[in-house]
J.: 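Let me give you the structure first, and then I'll get to my questions.
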Amino acid sequence: MEASKAKRSVAIVGAGASGLAACKHLLARGFRPVVFESGEAAGGVLRVLLGLSGRSPVDDVAICVFVLGAVTAPVLGNMLLARYVRVVRGAAAAAAAPHAPAVDPFARVTVAVALAVALVVAACLILVRFNILSMDATKKRVAIVGASASGLTACKHALAKGFRPVVFEAAGDGVGGVWRRTLASTRLQTPAFAYRFSDFPWPADVSGAEVFPRHDQVVEYLAAYARRHGVTECVRFGCKVLAAEYAGVPDEEAAAWERWSGNGEAFGDGSGEWLLTVQHPGSEATQIHRVDFLILCTGRFSGVAHTPTFPPNRGPEVFHGQVLHSMDYSNMGHAAADELIRGKRVAVVGSGKSAFDTVAECAAANGGRYPCAMICRSGRWMVNGGFVWGVSLGHLFCNRLAELTVHKPGEGLALALLAILLTPLRWLLSKLAETYFKMQIPMEKHGMVPEESFAGSMSGCRLGVLPDKFYDRVEEGSILIKRARSFSFCTDGLVLDDDDTSERVDADVVVLATGFRGDQKLTDMFVSATFKQQIVAAPLYRQCVHPRIPQMAVIGYTENLTSIYTFEMMAKWVAHLLAGAFRLPSIVRMEASAAEWDEHLVMRRHGEGGGGKPCLGGVSTWYNDEMCRDMGYEPRRKKGILAEWLQPYRPADYAGIL
């Protein structure tokens with residue numbers, strides 16, 4: 001009889017708990033069953049569930065209960081089946097026995113246990129299904145510091161992934177960041193069609209190719225974007241974040257991690273959190289807010305001014321007039337700023353965009369009677385439009401073909417050789433642009449021709465738009481341009497030093513348009529001395545996350561010629577990370593990639609301000625390609641090979657990335 005059983009063919013489909021139990025009991029009866037399993041190993045749904053463990057403590061409990069029920073129920077069922085097989089075999093004898101029990105006691109217990117387990121499993125499934133028991137990732141606490149353009153788009157995309165972030169904004173008068181506190185004459189540096197969110201176009205009256213919107217139009221555009229996507233309701237105005245401290249994980253344990261946040265995911269294993277010290281409006285008291293993920297959107301061009309240092313008795317302390325930074329001048333408000341400069345001799349130190357705007361505003365207020373002196377070390381490429389010989393700058397320097405002429409991070413040998421071979425083409429395009437703007441703008445006449453190439457200025461994000469009628473005011477004497485290698489203060493103004501000569505410039509007000517210390521804003525945010533050192537000592541992976549600082553992202557720190565477009569791509573990438581769309585690689589790989597990008601991106605400022613700044617000006621499409629691949633989207637997003645290589649990528653090209 002046993003030999004005949006072994007010759008029978010028995011097949012079992014599935015190597016889950018029930019399949020394994022069935023196979024075990026058939027083997028015990030002398031059969032030789034064959035088990036067919038489509039997966040790579042036994043375990044079935046249990047293997048999948050165990051792979052999902054470790055995401056949150058509550059989920060782990062639900063999975064454990066489900067696994068217990070899934071394992072116990074088939075085993076008990078098979079035991080019950082085996083027991084009744086024996087009962088059936090002795091059915092005749094049992095029927096003949098006058099005192100045989102109607103139901104076997106073991107079977108009764110087995111059925112009761114199986115039903116109880118089934119009810120527990122069903123209850124757990126119902127609780128998980130309706131999000132009563134499960135700790136969904138979207139219920140994690142996310143905080144965003146700053147309601148500027150980067151903070152608004154970070155909040156919008158976090159909302160789109162199901163999170164409910166809180167945005168802390170120190171200003172109490174609305175969204176917009178630095179755009180709410182700027183000069184009356186300030187405009188965008190790029191046309192409206194390039195400075196926009198991918199899914200939110202400008203109003204029709206400010207969407208022309210050559211329209212550079214005013215600062216108040218930019219503020220309204222950002223406010224409309226926030227209202228449209230429900231971001232305004234998430235902002236807590238007047239709430240200043242004073243400090244951020246990471247807690248829950250010992251420093252020794254965090255230092256030993258091989259992956260970012262311990263497992264490469266946004267929230268780690270759930271044990272770490274950020275403690276934010278927040279000062280609320282109208283009070284000196286502070287409150288601690290606990291969050292699971294922190295996004296810093298504080299920007300580089302506000303908060304901490306860069307002020308030059310001077311030898312003893314040659315600094316602002318000896319000057320009898322008023323000295324202020326361009327940041328303080330912008331924050332004064334239009335009426336107060338006009339009152340400060342009107343009818344006074346003003347000297348502005350700097351050659352960046354803020355210096356040009358401040359000089360133009362002073363010249364408009366005082367005219368030739370009190371000319372405004374502009375003190376600069378070198379010229380800067382300040383243009384009067386976005387076209388060269390009828391071709392847009394984007395088509396010349398910002399498409400895929402143009403990016404072939406520059407070296408890129410991780411490009412490989414073939415692309416590196418191609419960039420070397422195409423160097424003459426880039427030089428030619430740069431010379432064409434330089435020649436055109438020298439013909440259009442009298443920069444040579446007034447000694448303001450920049451030392452660096454136009455292409456280098458584009459790649460380093462050092463290109464600006466010239467204020468209206470700037471050189472007309474130079475011609476009429478309202479603006480005096482003074483070149484000097486260094487300067488110092490005296491009682492009545494400034495002393496300019498250039499090689500062996502010196503010149504004195506009389507002034508009542510000196511405005512220092514000498515840049516900002518963006519790094520210091522980041523370091524001041526952290527309580528941990530280790531994080532203070534790490535945030536500036538090593539670059540950011542994908543320009544968003546620091547390999548050694550867990551559960552935190554930075555958006556808006558890296559520049560581009562059209563910054564809002566880059567900020568949105570960063571926000572989409574961080575939102576996908578929060579939603580678990582991908583995991584980050586090992587810390588070693590992150591640091592290697594970040595260092596390679598840093599080598600290509602960090603450009604040194606020429607002139608006042610000093611320091612390095614990451615800029616994506618020459619490789620923005622290459623950067624977006626990497627971000628798309630991380631998120632699982634196709635990088636090539638244009639229709640047709642000519643459009644793909646010759647047309648510059650615009651924000652609308654990435655509207656499909658949600």
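The basis for the numbers below is simple: all heavy atoms, side chains too, and nothing from hydrogens, waters or symmetry mates.
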J.: Can the positive tip of K240 be found less than 6.0 Å from the middle of the six-membered ring of F168, inside 45° of the ring normal?
T.: no

J.: Is the ring centre of Y654 less than 6.0 Å from the ring centre of Y649?
T.: yes

J.: List in chain and number order the residues that pass side chain to side chain contact (heavy atoms under 4.5 Å, CB included) with R369, two or more places apart in sequence or in another chain; answer none if no residue qualifies.
T.: none

J.: Closest heavy-atom contact between C297 and S148?
T.: O-OG, 3.5 Å

J.: Going by side chain to side chain contact (heavy atoms under 4.5 Å, CB included), name the residues that satisfy it together with P201, two or more places apart in sequence or in a different chain.
T.: R196

J.: Decide yes or no for H576 and H157: does some side-chain heavy atom of the first lie under 4.5 Å from some side-chain heavy atom of the second?
T.: no

J.: Are F310 and F487 near enough that their ring centres are under 6.0 Å apart?
T.: yes

J.: Does the plane of the ring in F197 sit parallel, tilted or perpendicular to the ring in Y225? Use 30° and 60° as the thresholds.
T.: parallel

J.: What residues form a side chain to side chain contact (heavy atoms under 4.5 Å, CB included) with R342, not counting sequence neighbours?
T.: D338, A365, N366

J.: Ring centres under 6.0 Å, that's the criterion: do Y623 and W597 meet it?
T.: yes

J.: Go through Y221 and W202 one step at a time and tell me if the ring pair (Phe, Tyr, Trp, His ring centres under 6.0 Å) criterion holds.
T.: CA-CA 7 Å; Y221 173 76; W202 284 83; 4.2 Å; yes

J.: Return the minimal non-hydrogen interatomic distance between N624 and M569, and the atom names on each side.
T.: OD1-CG, 3.5 Å

J.: Quick one: do R400 and D625 make a salt bridge, cutoff under 4.0 Å?
T.: yes

J.: Is the centre of the F454 ring less than 6.0 Å from the centre of the F397 ring?
T.: yes

J.: Do you know the tightest heavy-atom contact between V359 and V348?
T.: CG2-CB, 3.6 Å

J.: Write out all pairs satisfying salt bridge (Lys or Arg N to Asp or Glu O under 4.0 Å) with one or both partners inside residues 174-189, taking only residues at least two apart or from two chains.
T.: D173-R180

J.: L324 versus L340: any side-chain heavy-atom pair under 4.5 Å?
T.: yes

J.: With ring centroids as reference points, do Y541 and H546 lie under 6.0 angstrom apart?
T.: no

J.: May I ask you to say whether R228 pairs ionically with D199, meaning some side-chain N is under 4.0 Å from a carboxylate O?
T.: no

J.: Indicate yes or no: does R485 engage D498 in a salt bridge with an N to O separation below 4.0 Å.
T.: yes

J.: Identify, with sequence neighbours excluded, every residue that meets salt bridge (Lys or Arg N to Asp or Glu O under 4.0 Å) alongside E475.
T.: K445

J.: For C461 and C615, what are the C-alpha separation, side-chain angles and deciding distance, and is it a disulfide (SG to SG under 2.5 Å)?
T.: CA-CA 6 Å; C461 299; C615 173; 1.9 Å; yes

J.: Check whether any side-chain heavy atom of W179 sits under 4.5 Å from a side-chain heavy atom of L188, and report yes or no.
T.: yes

J.: Is it true that R629 and E626 have a side-chain N and a carboxylate O under 4.0 angstrom from each other?
T.: no

J.: Quick one: does K482's side chain have a donor or acceptor within less than 3.5 Å of a partner on L496's backbone?
T.: no

J.: Let me confirm one number: the CG-CD distance from L561 to Q189, rounded to the nearest 0.5 Å.
T.: 10.5 Å

J.: Only pairs at least two apart or in different chains count here, so list each salt bridge (Lys or Arg N to Asp or Glu O under 4.0 Å) that has a residue in residues 214-226.
T.: R214-D216, E220-R227

